[in-house]
Amino acid sequence: MTNLRELLGSNMKIYRKSAGLSQSKLAERVDTATNYISAIEAGRRFPSIEMLERIAIALNIDTTDLLSKKNVQDYSEMKKTEEQIWLNISQNLSTYITENIQSLQNTKVRP
């Protein structure tokens, strides 16, 4: 069984990365040191309840999400699905643009 420090660190890292934040940017938002954020994510430190709340607010999540195994698994799956959807949209859009450019190039313009 994963201990609570490891679970918190893992969840925090996933949510931080999903929010597009570096450790230093998150540290800035919660008014702490970057090495403290790093230590939490590595499972070497466990923050106070007040710090947990500040981290959750900075990540735009509920405090309980940081300590929940189920939430982070669901969130990770959702992000994978979202990434796949955007990849499909990108590929389809690229194909559509290429086909229409070719169609326009093959059309003669009449004065």
Side-chain angles (χ1 to χ4, degrees):
M1 178 175 161
T2 303
N3 73 42
L4 196 54
R5 284 183 184 196
E6 291 172 352
L7 179 63
L8 169 64
S10 175
N11 287 356
M12 195 167 118
K13 185 175 183 177
I14 289 168
Y15 286 118
R16 175 183 59 77
K17 286 187 172 192
S18 294
L21 298 174
S22 65
Q23 287 181 341
S24 61
K25 190 63 175 175
L26 178 59
E28 182 181 310
R29 287 188 179 186
V30 299
D31 194 28
T32 194
T34 302
N35 63 353
Y36 185 64
I37 297 297
S38 176
I40 295 170
E41 288 186 1
R44 294 188 312 269
R45 299 286 306 265
F46 197 85
S48 67
I49 296 298
E50 292 80 14
M51 180 58 75
L52 277 175
E53 289 174 342
R54 292 183 359 217
I55 291 168
I57 289 167
L59 296 174
N60 199 30
I61 59 173
D62 291 330
T63 306
T64 56
D65 292 339
L66 289 169
L67 302 172
S68 174
K69 192 170 186 176
K70 175 133 178 60
N71 285 345
V72 77
Q73 289 170 341
D74 291 347
Y75 189 79
S76 294
E77 289 301 316
M78 180 191 72
K79 291 306 273 184
K80 286 178 190 174
T81 301
E82 185 178 283
E83 288 171 10
Q84 187 60 48
I85 289 169
W86 281 111
L87 179 61
N88 289 342
I89 289 171
S90 174
Q91 290 171 344
N92 289 336
L93 184 58
S94 178
T95 301
Y96 175 79
I97 290 169
T98 301
E99 289 172 354
N100 281 293
I101 287 173
Q102 289 171 351
S103 177
L104 287 171
Q105 289 172 341
N106 293 333
T107 304
K108 292 184 180 182
V109 178
R110 296 181 187 193

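Fair warning: this is a prediction, and the values are worked out from it, not measured in the lab. Along the sequence shown, residues are numbered consecutively beginning with 1.
- The backbone N or O of Glu6 sits less than 3.5 Å from a side-chain atom of Asn3, completing a donor-acceptor pair.
- Summarising the local packing, CZ of Arg54 is surrounded by more than 12 heavy atoms from other residues, nucleotides or ligands at distances under 6.0 Å.
- Between Leu87 and Gln84 there is a side-chain heavy-atom pair separated by less than 4.5 Å.
- At a threshold of 4.5 Å between non-hydrogen side-chain atoms, the residues Pro47 and Leu8 count as touching.
- Shown here are the salt bridge (charged side-chain N to carboxylate O under 4.0 Å, His left out) partners of Glu28, two or more places apart in sequence or in another chain: Lys25.
- A single hydrophobic cluster is not seen to contain both Ile89 and Tyr96; linkage of ILVMFWY side chains at heavy-atom distances under 4.5 Å, directly or through other members, places them apart.
- Note that the OG atom of Ser94 and the CD atom of Glu99 stand 9.5 Å from one another [nearest 0.5 Å].
- The two residues Ala58 and Leu26 make their nearest non-hydrogen contact at CB-CD1, 3.7 Å.
- Using a 4.5 Å cut-off on side-chain heavy atoms (C-beta onward), Ile61 and Asn11 make no contact.
- For the atom pair CG of Leu21 and CE of Met12, the computed distance is 10.5 Å after rounding to the nearest 0.5 Å.
- Of the inter-residue distances, the one linking Ile37 atom CD1 with Arg16 atom CZ reads 8.5 Å to the nearest 0.5 angstrom.
- Under the 3.5 Å distance criterion, the side-chain polar atoms of Ser90 are left unmatched by any main-chain donor or acceptor of Trp86.
- Between the CG atom of Asn35 and the CD atom of Gln23 there is a distance of 9.5 Å, given to the nearest 0.5 Å.
- Going from atom OG of Ser48 over to atom CD of Glu53 covers 8.5 Å, rounded to the nearest 0.5 Å.
- Distance check, rounded to the nearest 0.5 Å: CG of Asp62 to CG of Leu67 gives 11.5 Å.
- Around the CG atom of Asn60, the shell of radius 6.0 Å holds no more than 12 heavy atoms that belong to other residues, nucleotides or ligands.
- No continuous path of ILVMFWY side-chain contacts below 4.5 Å connects Ile85 to Leu93, so the two sit in separate hydrophobic clusters.
- Counting heavy atoms from C-beta outward, Leu59 and Leu66 have side chains that approach closer than 4.5 Å.
- Tyr15 and Ile57 fall into different hydrophobic clusters, where Ile, Leu, Val, Met, Phe, Trp and Tyr residues are linked whenever their side-chain heavy atoms come under 4.5 Å apart, directly or through other members.
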